[in-house]
Amino acid sequence: MSRIKEFNLPDLGEGLTEGEILAWLVKVGDTIELNQPIVEVETAKAAVEIPAKWGGVVTRIFHEAGAVCEVGQPIIAIDTDPTAPPVPGPSSPDSSASPASPASSASAASSEEAGAGLIGGPAPGGRTAVLVGYGPRTTSAKRRPRVGTGNENGHAPVAPAPTPVVPAPAPVVSTPAPVSPEPVVAAPVVVGGRAGAVLAKPPVRKLARDLGVDLTGVDGTGPLGSVTRDDVRRAAAPVVPASGPEALDLGSRERRIPVKGVRKLTAQNMVASAFTAPHVTEFLTVDVTRSMKTLAKLKAGREFADVRISPLLLVAKAVLLAAARHPMVNSTWSGETGEIVVKDYVNLGIAAATDRGLIVPNIKDAGRLGLRELAEALNTLVQVAKSGKTPPADMTGGTLSITNVGVFGIDSGTPILPPGESAILAFGAIRPMPWVHKGRIRPRQVTTLGLSFDHRIIDGELGSRFLRDIGTFLEDPSTAILSWT
Amino acid sequence: MITLGKALNHGLRRALEDDPKVVIMGEDVGKLGGVFRITDGLQKDFGENRVIDTPLAEAGIIGTAVGLAIRGYRPVCEIQFDGFVFPAYNQIVAQVAKMHYRSQGKVRLPIVIRIPFGGGIGAVEHHSESPEAYFAHTPGLKVVSCSNPADAYSMIQQAIASDDPVIFFEPKRRYWEKGEVDLSSALPAATPLHSARIVRPGTAATLLAYGPMVRVALDAASAAAEDGRELEVIDLRSLSPIDYPVIFESVRRTGRAVVVHEAPGNVGLGAEIAARITEECFYSLEAPVLRVTGYDIPYPAARVEEEYLPDLDRVLDAVDRSFGW
Amino acid sequence: MAKGESVAGTDIPAGGFVQLLTPDGERFDSVTTADGTTYSVDFTDEEYRELYRDLVTVRRLDTEAVALQRQGELGIWASLLGQEAAQVGSGRALRPQDMAFPTYREHGVLYTRGIDPIMPFGLFRGVDQGGWDPNEFRFNQYTIVIGSQTLHATGYAMGVTMDGKTGSADGEAVIAYFGDGATSQGEVNEAFVWSGVFNAPIVFFCQNNQYAISEPLERQTRVPLYQRAGGYGFPGIRVDGNDVLASYAVTRQALDNARTGQGPTLIEAYTYRMGAHTSSDDPTRYRIASEVEAWKAKDPISRLRAFLTKQKIVKKDFFAQVDDEATTKALDLRERVLAMPDPQPVTLFDHVYPNGSPELDRQRAVFTEYQASFEGSGH
């Protein structure tokens, strides 16, 4: 250990960064005692005598009287063991007196305040003297760097990990930024919650996160328009209405299939919907012979040469065009806010059978698609659904749906509304049937359309007009397009 | 720019000037001007009958203040340090708090009890405590805490003018922090005593603090802003009653709340505030209301107090955790 | 009726006090008070020298502590400057089996109990809050909130009686230290009530140093403090607190009365706080220089030094030797104070309960993990 010790100009408090050496009370060669006053320093506030931190012989004085010295610079060197043989070597700076960065300085200076060591005056270590302790000091307004990425809850920190910084002195804040004495006028707030923000109970948020559902795209049906568990599940996996019992027979012949995943969600959604929205179902049997001919023509044309198209395409188009004529069918009942949310876009849901169960992915803003685009979207949707890879986003936000029970050879059904939607169309099998055509019984291509709708929003007249328009289109697509558009 | 301590001094002076019934009493408040110099010069200018050096007995200070108040005076009592209030605890919670109620409104006790509170001054034991919850828990007492010089100046006058008994907690580690104070301002123009105030607007989360922790919360918000996260900081100012509408409005906007106080967390103000936010803002919460508080231990020795006190890092750690939900 | 009305001595307060050594170093063989009690001491030359050594040492250690505080090495220091005789005299009067309850300024009493003087420095440095076992040292921990310890001492003394440890010359006694300011506290008055009612073997040793921070004695009392005892049913006596011999004699007598079952005594040691209340106090705001000068003339050390010199009890180099020894002790103390480690932060959670608490265990674990999450934390 070196016996030559350097004493640095201490921060005498109150944010001082420098001091003027007024007078040295000792000189090089003097033998001094511990606590003997060695120097008078003029700070912004007062002249302060500094006592020697060690006894010994003064070996060096770094600044003459009159010099302005920065806090932290050595001002005097003291040989604390002058009788020992000379020891060359580095001096050891006095760490305890080393002043911290100016940022550690305390509070406020004022000409009317106390002198060094007295209450309110400067105290060692950049503090302010108090009666009963070391005194307060101002801490840095900088974050300390953390290591790693985890925290005690196992959540990854959201903020980027602060980069380790060279320990440069923090900015001097000798007086804190003034606190606004006046209230800050807050942004106006919509009743019931943040403007544009989603209301949801915490467990619902958790569910949404687990299911990958972005709550901002989900329409809330709960109190104050908050998103409920059912809303999230519906958004995650809308489903078709029908689902046959899987467990059959008696005793050992019963199979027990755990209700989980899509099937569980389907069940819950269906129950929720069936017991929430008063369902009405209407049927319309229509002659779609002309549609089939139109389809054939399209297939023959160059436009659709490389696209697989089916009657579903025309049914979809019919629904979209009819919905445009009757916007109320494309809406959501929001009971707790006492509102009906009418949408001017159609996210068209198509029920699809998959290995995991029935899901209803939807085509976003399908009304804006041309026929070919719609056809491609339908194909993609079905293929992806069958592969089981439908992304959650495709399963949320549906507004109007079609269930194609016809592919199973079924004439029609009474579909249950996907929660949050107001209408769903069941599209039955197309069969050649005896039909009165132009006054005579002819074999025609005939299908039955079944439309379920939420009777809170859609009364019988509106539902009937909507269904009638779908039928009209399918009976004669060309004429319908010409007369509607 | 004057210090918070000086602002209190000016506020007390003005109260003494405005109402001859106002008297200041406490240990060392007279000739010495208080151990923190809050009453500096007041005895010299207003005399020993208005600024009274009392015997060293806190129960006596508060008990006699009750009698003075019944007689029509408005005593402003100084408890020298937070940890010294307990001999007076009986008088405060059993007498001061209940007098109006049990007299069916016939007795008003317009007593202000000033208590320098909180740590961070490197003191020995009993000089760094945060006993506010004991008083906020007691019906019949109003409890407030100022965080900056401008509030100190107006709030002390409002507390004295109020007919309610007010426990006035002063953030002793902030006594020397400076701010602009309009000493000519009219009291009615000041923010009402029991109002909270948004001292830094933000969108990402709401920090709720009072007294010495407001500075910490503001520092934390500054640091968070550098990371692109705008935190709203609310200075509660009043701890009983708490100005909940301001809190609820903010939390509904931000969806996240972190309450900061020095007092131990167990059954502290943060617990009450968290409960109320949960009750009123449940659908808006993105995360549980978190608390950054002292640990559930006696106030520790000076050399480890900074590990105990909530600081910028602990506040931001809580904010991070909030965002991890 | 209170004792202390009839005294010898010079420069005495109204009402008198027991004094055996004048400020000039004149020695009275004995003093008999109005109630007929005679006070005297019978020290050997070596015992006189020891007393002097004690006085000088405790003052020198105190001076070092004040410097350490000025250098930022102590958060606070409550100086005993001026009160050495009251503390050394009363402290030396204690027998080994006696128990002392100090307030926070009794570093001199602590020293006379043979305790390492560094023991209370943890509290003032802020690395602990005492941390010693009162029963091991027969010296309770310091009590910061004034007056509280007088009730503790009374309860302890009641326990002594319950244990049957009074009533004989080798019985136990208890001494409670407090100041003039504390006498206003309800708790001190309750301690008087209790000890009177239960005839507790206790000596209330009030160092009246004239100031409670800034407030002079007149803010605490209209009668001499020792006279308060009469109202509680036990004797009170005033002693010259700057006279180590009288302080010893009076305390010895009171303790022996207590240990033999004669109940409590209130001793008012009349002295003066020469320094500030604590290191950051500014006494010039509330007291005048001439008052301090007057008390300097009654210095407890210089009067004993004068006595030793006049009586030729000491050799020529004795005083220098004592000073050197004291300085050596002070510098040793200084080094050891500077070497006191800061506590490990996690120890915050230790000792809250004898039986621990699962919630605290959780908080400790969270705290440890949090601490380790910072760069440079060694993890």
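Sequence lines set the chain letters: A, B, ... in the order given, protein chains first and strands last, and positions in each chain run from 1. Just so it is clear, the model here is predicted, and its values are computed rather than measured.
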Hey, can you pull the donor-acceptor pairs under 3.5 Å for the side chains in residues 78-88 of chain B, sequence neighbours left out?
| from | atom 1 | to | atom 2 | distance (Å) |
| --- | --- | --- | --- | --- |
| B/E78 | OE1 | B/R114 | NH1 | 2.8 |
| B/E78 | OE1 | B/R114 | NH2 | 3.3 |
| B/Q80 | NE2 | B/E27 | O | 3.3 |
| B/Q80 | NE2 | B/D28 | OD2 | 2.8 |
| B/D82 | OD1 | B/S128 | N | 3.2 |
| B/D82 | OD1 | B/E129 | N | 2.9 |
| B/D82 | OD2 | B/G118 | N | 3.3 |
| B/D82 | OD2 | B/E129 | N | 3.2 |
| B/D82 | OD2 | B/K172 | NZ | 2.5 |

(request) Would you check, one step at a time, whether the test side-chain contact (heavy atoms from CB on, under 4.5 Å) holds for C/Q363 with B/I297? (result) CA-CA 10 Å; C/Q363 291 186 20; B/I297 62 173; 5.6 Å; no
(request) Spell out, as yes or no, whether a donor-acceptor pair under 3.5 Å connects the side chain of C/Q220 to the backbone of B/L56. (result) yes
(request) Indicate yes or no for a side-chain donor-acceptor contact from B/R303 to the backbone of C/P343 under 3.5 Å, with no hydrogens or angles considered. (result) no
For [X], does the [atom1] atom have more than 12 heavy-atom neighbours from other residues, nucleotides or ligands under 6.0 Å away?
| X | atom1 | value |
| --- | --- | --- |
| B/N49 | CG | no |
| B/E48 | CD | no |
| C/Q344 | CD | no |
| C/W194 | CH2 | no |
| B/Y134 | OH | no |
| C/Y211 | OH | yes |

(message) I need the residue from C/L360, C/T347, C/T221 with the largest number of non-hydrogen atom pairs under 4.5 Å to chain B.
(response) C/L360
(request) Return the option, out of C/S148, C/S357, C/S214, with the maximum number of heavy-atom pairs under 4.5 Å with chain B. (result) C/S214
(message) As an exercise: rank B/A57, B/A123, B/A302 by heavy-atom pairs under 4.5 Å with chain C and give me the winner.
(response) B/A57
(request) Please determine which of B/E125, B/E58, B/H126 meets the side-chain contact (heavy atoms from CB on, under 4.5 Å) test together with C/V145. (result) B/H126
(message) Please determine whether side-chain contact (heavy atoms from CB on, under 4.5 Å) holds for the pair B/L32 and C/I213, giving the CA-CA distance in whole Å, both sets of side-chain angles, and the decisive distance to 0.1 Å.
(response) CA-CA 9 Å; B/L32 184 66; C/I213 305 187; 3.7 Å; yes
(message) With a 4.5 angstrom heavy-atom cut-off, is it the side chain or the backbone of B/D313 that approaches chain C, or both, or neither?
(response) both
(request) Examine whether an atom of C/Y142 lies under 4.5 Å from a heavy atom of chain B, and if so say whether it belongs to the side chain, the backbone or both; otherwise answer neither. (result) backbone
(message) Under 4.5 Å from any heavy atom of chain B, what part of C/R364 do you find: side chain, backbone, both or neither?
(response) neither
(request) Can you check whether anything in residues 179-192 of chain C gets within less than 4.5 Å of chain B, heavy-atom wise, and list it by number? (result) C/G181, C/S184, C/Q185
Hey, could you give me the [atom1]/[atom2] distance between [X] and [Y], rounded to the nearest 0.5 Å?
| X | Y | atom1 | atom2 | value |
| --- | --- | --- | --- | --- |
| C/F367 | B/Y308 | CZ | OH | 12.0 Å |
| B/D53 | C/R219 | CG | CZ | 6.0 Å |
| B/Y299 | C/Q129 | OH | CD | 10.0 Å |
| B/T54 | C/E215 | OG1 | CD | 5.5 Å |

(request) Using the test side chain to side chain contact (heavy atoms under 4.5 Å, CB included), find all partners of B/A224 that sit at least two apart in sequence or belong to another chain. (result) B/R229, B/L231, B/L316
(request) Measure the shortest side-chain to side-chain distance between C/D342 and B/E307 over non-hydrogen atoms and say whether it is less than 4.5 angstrom. (result) no
(message) Which residues pass the ring-ring contact (aromatic ring centres under 6.0 Å, His included) test with C/F121, not counting sequence neighbours?
(response) C/W77
(message) So that I can tick it off, tell me whether C/R362 and B/D296 are bridged by a salt bridge, with the cut-off set at under 4.0 angstrom between side-chain N and carboxylate O.
(response) no
